[in-house]
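Here's the structure we're looking at; comments come further down.
Because the structure is a prediction, the values reported are computed rather than measured. To find a chain, count down the sequence lines: A is the first, B the second, and so on, and within it residues start at 1.
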Protein chains: 2
Amino acid sequence: MTEDLSTALVQTRDPAKRSWLASANDAACDFSIQNLPFGIFSDVRNPAPRAGVAIGDWIVDLAALRAAGRLELDAEDDVFSRGSLNAFIALGRDAWRSVRIQLSALLEAACPALRDDAALRERVFVPMQSATMHLPVDIPGYTDFYSSKEHATNVGSMFRDPKNALLPNWSEMPIGYNGRASSVVVSGTSVRRPMGQLKLPDADRPIFGACRKLDIELETGFIVGQGNALGEPIACGEAEDHIFGMVLLNDWSARDIQQWEYVPLGPFNAKTFATTISPWIVTLDALEPFRVAQPEQTPEPLPYLRQAGEHAFDVALEVRLRPEGASEATTIARTNFKYMYWSMAQQLAHHTVSGCNTRVGDLMGSGTISGPAPDSFGSLLELTWNGTRPLALEGGETRTFIVDGDELTLAGWCQGDGYRVGFGTCAGKILPARG
Amino acid sequence: MTEDLSTALVQTRDPAKRSWLASANDAACDFSIQNLPFGIFSDVRNPAPRAGVAIGDWIVDLAALRAAGRLELDAEDDVFSRGSLNAFIALGRDAWRSVRIQLSALLEAACPALRDDAALRERVFVPMQSATMHLPVDIPGYTDFYSSKEHATNVGSMFRDPKNALLPNWSEMPIGYNGRASSVVVSGTSVRRPMGQLKLPDADRPIFGACRKLDIELETGFIVGQGNALGEPIACGEAEDHIFGMVLLNDWSARDIQQWEYVPLGPFNAKTFATTISPWIVTLDALEPFRVAQPEQTPEPLPYLRQAGEHAFDVALEVRLRPEGASEATTIARTNFKYMYWSMAQQLAHHTVSGCNTRVGDLMGSGTISGPAPDSFGSLLELTWNGTRPLALEGGETRTFIVDGDELTLAGWCQGDGYRVGFGTCAGKILPARG
């Protein structure tokens with residue numbers, strides 16, 4: 001990166017910066033001018049899924065902006081019209097940053113280029129509420145980690161031994177497993193309650209039926225922006241350079257199916273029926289001001305997992321549950337991404353240390369994010385302690401696990417001084433099982 | 001399928017059929033006229049990877065054959081020139097069968113169309129020994145099962161309890177886990193010994209180092225030919241209609257990394273560094289004459305896993321090990337795919353019963369295939385009983401686990417009366433760790 005690009009990049013994060021689009025300046029708006037996340041959208045006017053950037057209540061149509069000669073990009077074909085961001089992301093970090101810098105300048109309060117050109121604005125801006133969001137990337141591979149110490153301790157206490165809740169390998173490496181990429185869906189997609197094998201207490205054999213312990217897992221995910229070749233690991237100190245950005249991720253989980261199937265090869269049908277992600281990828285460049293120290297790691301990690309500096313990010317997270325027909329959602333958990341024990345950089349370094357290759361668009365889930373307090377747990381399993389402590393919802397209902405018709409929504413944002421860098425939401429409603 | 005197509009399909013399997021290509025009629029040749037497997041190849045004359053069918057010592061260039069007007073296919077663009085078979089497979093089973101039937105007729109001894117046209121033969125046939133083979137499909141998802149009762153029993157005996165070697169869930173469902181699709185490589189690709197965390201006996205903490213217990217897993221894999229939509233399971237009785245064909249699969253495994261990492265979420269870095277498959281996909285249509293009954297299933301599976309008829313296939317399998325510089329390989333295991341407890345149809349039905357979607361090109365590994373006899377085990381872990389019973393090789397060397405420079409080769413074939421329907425080989429040589 002040149003010095004000019006570096007200076008311009010820092011300026012995109014100036015907390016004092018405001019946009020000529022009023023909705024972007026609302027202190028509670030996720031999509032401030034400091035954010036500028038990337039996604040794929042379509043609308044009635046143009047049903048072709050294409051690349052956009054969120055700003056306030058609007059989406060900037062990047063293909064239209066480039067076609068109008070207002071966005072420079074050193075790429076021959078139209079990477080913004082492909083229906084996924086993969087081709088754009090594959091151009092590399094200088095390209096992502098150049099687009100970010102140009103958009104920040106165009107949307108800044110004093111810039112007249114779009115502000116004062118109604119015809120151009122009409123071509124380039126789409127109201128967010130009239131748009132349909134799509135998966136932002138084609139996901140060649142999905143990996144899910146298990147990197148919250150509080151979550152792993154809670155689960156270990158419930159299902160193994162409260163005195164030795166953490167397994168010995170947990171503190172030595174970011175434990176992860178391969179997820180199922182085919183069933184990753186975008187926020188807003190309804191999810192059907194899965195059928196599967198359930199082993200009831202005292203029964204000799206399992207039965208086949210609808211999941212009775214359907215749960216969420218509050219996670220974030222990062223999107224690989226630059227892969228690595230087979231046999232060539234990514235060093236921990238360079239891992240963040242390989243990350244394009246982050247999304248919210250709900251790792252829907254059928255706890256009863258999981259408990260019966262998961263030994264010895266891990267969760268399978270309990271998770272593969274659906275994973276929901278939020279549509280906007282918040283770039284690491286936008287998250288930079290919210291970098292904080294991660295929890296102390298004891299024992300000190302092996303050398304390949306060591307990193308200097310701060311590698312956690314202060315992202316407030318919430319889970320909301322709205323029963324079918326209810327007017328209000330209840331916030332059932334509040335936590336923060338900064339509690340994660342293992343960083344994204346450590347996860348990516350560990351993932352590739354054996355030589356495993358990664359590819360542009362790969363999705364890496366954080367694992368359930370639980371904080372220290374009982375209302376900061378990232379799953380109903382923990383919040384209700386495996387169904388033994390029902391949650392009270394607004395309106396008088398209670399919940400242990402998810403009921404058909406419930407809508408579960410994750411939300412997340414970094415709180416700046418008078419502005420937010422937010423993720424939007426990651427929502428899904430549960431449909432009855434096929435039966 | 002029309003009645004004509006059905007009759008023609010049966011005729012492609014006639015054991016008495018012979019080709020005008022002499023090498024295809026050799027009783028030990030894997031690629032008889034009854035086989036006709038599909039793959040992706042390139043050669044010096046044309047370095048573009050394209051679709052071919054193996055026959056004797058030759059590859060039929062399908063794109064060239066179609067361009068010459070000798071192969072009819074109801075598809076507009078050239079699905080044979082794409083660098084993977086996915087687009088061809090996506091045309092559906094009638095298209096696969098039509099191509100098989102046309103090739104069988106063109107290659108049959110009495111057919112003059114190619115046999116007597118030297119110029120056309122020159123354009124359409126490539127000597128197998130001069131070709132480079134590529135991955136036959138882009139693999140959107142890779143799942144690996146664990147469906148050999150003998151293998152699961154051996155592993156359970158070694159690492160858990162010989163008296164309760166099989167876990168209770170094993171007999172109720174085809175246990176599987178998500179694999180890593182990015183690191184699936186084609187036969188002939190060298191594999192670097194992985195680095196990773198190893199927990200040595202009596203050590204308090206793991207060390208980081210090169211795998212000391214590098215192993216193979218002798219498997220087959222099937223390729224999904226017709227996927228299913230999210231939320232719409234594939235019934236067991238219809239599952240074989242969704243399968244395009246089979247390959248050999250070596251699920252390279254770092255046993256020491258695996259033992260330390262796999263609880264509770266399953267194998268990860270121990271497997272993700274590489275998985276090798278054979279380049280030719282043998283279709284279910286070619287395997288039909290070798291259908292046999294699978295082992296008796298006790299207890300009777302739950303209804304969604306029940307199937308009438310015979311769903312195992314009689315495929316002889318071998319593992320060969322050749323040390324660096326050795327002139328001869330030693331066959332270290334001989335077994336058969338027919339020993340598998342859970343069928344491919346049951347695997348696919350179970351995989352999708354929760355609603356999980358599958359896609360054209362998905363790869364589903366059988367799991368290590370071990371037979372009842374000690375020399376029929378499909379891994380060095382079992383053959384040497386975790387390194388305690390070294391194997392003697394031709395030439396005097398011994399092996400517990402794989403040594404740098406060793407080449408491991410899987411081979412497999414169905415033995416007909418005077419002909420074979422074979423898979424070719426699935427080979428890989430181990431390079432030293434990066435260290």
| query | In terms of heavy-atom pairs under 4.5 Å, which option from G141(A), P168(A), P267(A), P264(A) contacts chain B the most? | reply | P264(A)
| Interface residue of largest heavy-atom contact number with chain A, from P299(B), A254(B), G355(B), A270(B), under 4.5 Å | P299(B)
| By a 4.5 Å heavy-atom criterion (distance strictly below it), what part of T358(A) contacts chain B: side chain, backbone, both, or neither? | both
| task | For chain A, find which of V155(B), T352(B), L167(B), I257(B) contributes the most heavy-atom pairs closer than 4.5 angstrom. | result | L167(B)
| remark: When the 4.5 angstrom heavy-atom criterion is applied to L230(A) and chain B, the contacting part is side chain
| request: Examine whether an atom of L265(A) lies under 4.5 Å from a heavy atom of chain B, and if so say whether it belongs to the side chain, the backbone or both; otherwise answer neither. | output: both
| note | So, the part of P303(B) with a heavy atom under 4.5 Å from chain A: the answer is neither
| message | So if I take each residue of residues 205-213 of chain A and look for any heavy atom under 4.5 Å from a heavy atom in chain B, which residues do I end up with? | response | R205(A), P206(A), I207(A), F208(A)
| field | Partner chain A: residue of R359(B), E261(B), H350(B), Q197(B) with the largest heavy-atom pair count (under 4.5 Å) | value | Q197(B)
| request: Answer yes or no: does atom CG of D161(B) have more than 12 heavy-atom neighbours from other residues, nucleotides or ligands under 6.0 Å? | output: yes
| remark: From the list C356(A), G266(A), A433(A), S354(A), the residue making the most non-hydrogen contacts under 4.5 Å with chain B is S354(A)
| Quick one: does W260(A)'s side chain get under 4.5 Å of E172(B)'s, heavy atoms only? | yes
| remark: E217(B) meets the salt bridge (charged side-chain N to carboxylate O under 4.0 Å, His left out) criterion, sequence neighbours left out, with R255(B), K271(B)
| task | Can you sort out the partners of K149(B) under salt bridge (charged side-chain N to carboxylate O under 4.0 Å, His left out), two or more places apart, ordered by chain and number? | result | none
| query | Which of the residues S171(B), G231(B), G196(B) is involved in the greatest number of heavy-atom pairs with chain A at under 4.5 angstrom? | reply | G231(B)
| request: Side-chain contact test, heavy atoms from C-beta onward, threshold under 4.5 Å: evaluate it for R434(B) versus E232(A) and give yes or no. | output: yes
| chain A contact via D362(B) - which portion, at a heavy-atom distance below 4.5 Å | side chain
| query | Among D138(B), V263(B), L431(B), I175(B), which residue forms the greatest number of heavy-atom pairs with chain A at distances under 4.5 Å? | reply | V263(B)
| Trace of the side-chain contact (heavy atoms from CB on, under 4.5 Å) decision for F268(A) with M173(B) | CA-CA 12 Å; F268(A) 184 52; M173(B) 67 175 95; over 6 Å; no
| field | Region of Y262(B) in contact with chain A, defined by heavy-atom distances below 4.5 Å | value | both
| field | Which atoms of F159(A) approach chain B - backbone, side chain, both or neither, heavy atom under 4.5 Å | value | neither
| task | Using a heavy-atom cutoff of under 4.5 Å, enumerate the residues of residues 177-194 of chain B that contact chain A, numbered in order, or state 'none'. | result | Y177(B), N178(B), G179(B), R180(B), A181(B), S182(B), S183(B), V185(B), P194(B)
| message | Using heavy-atom distances under 4.5 Å, tell me whether P140(A) contacts chain B through its side chain, its backbone, both, or neither. | response | backbone
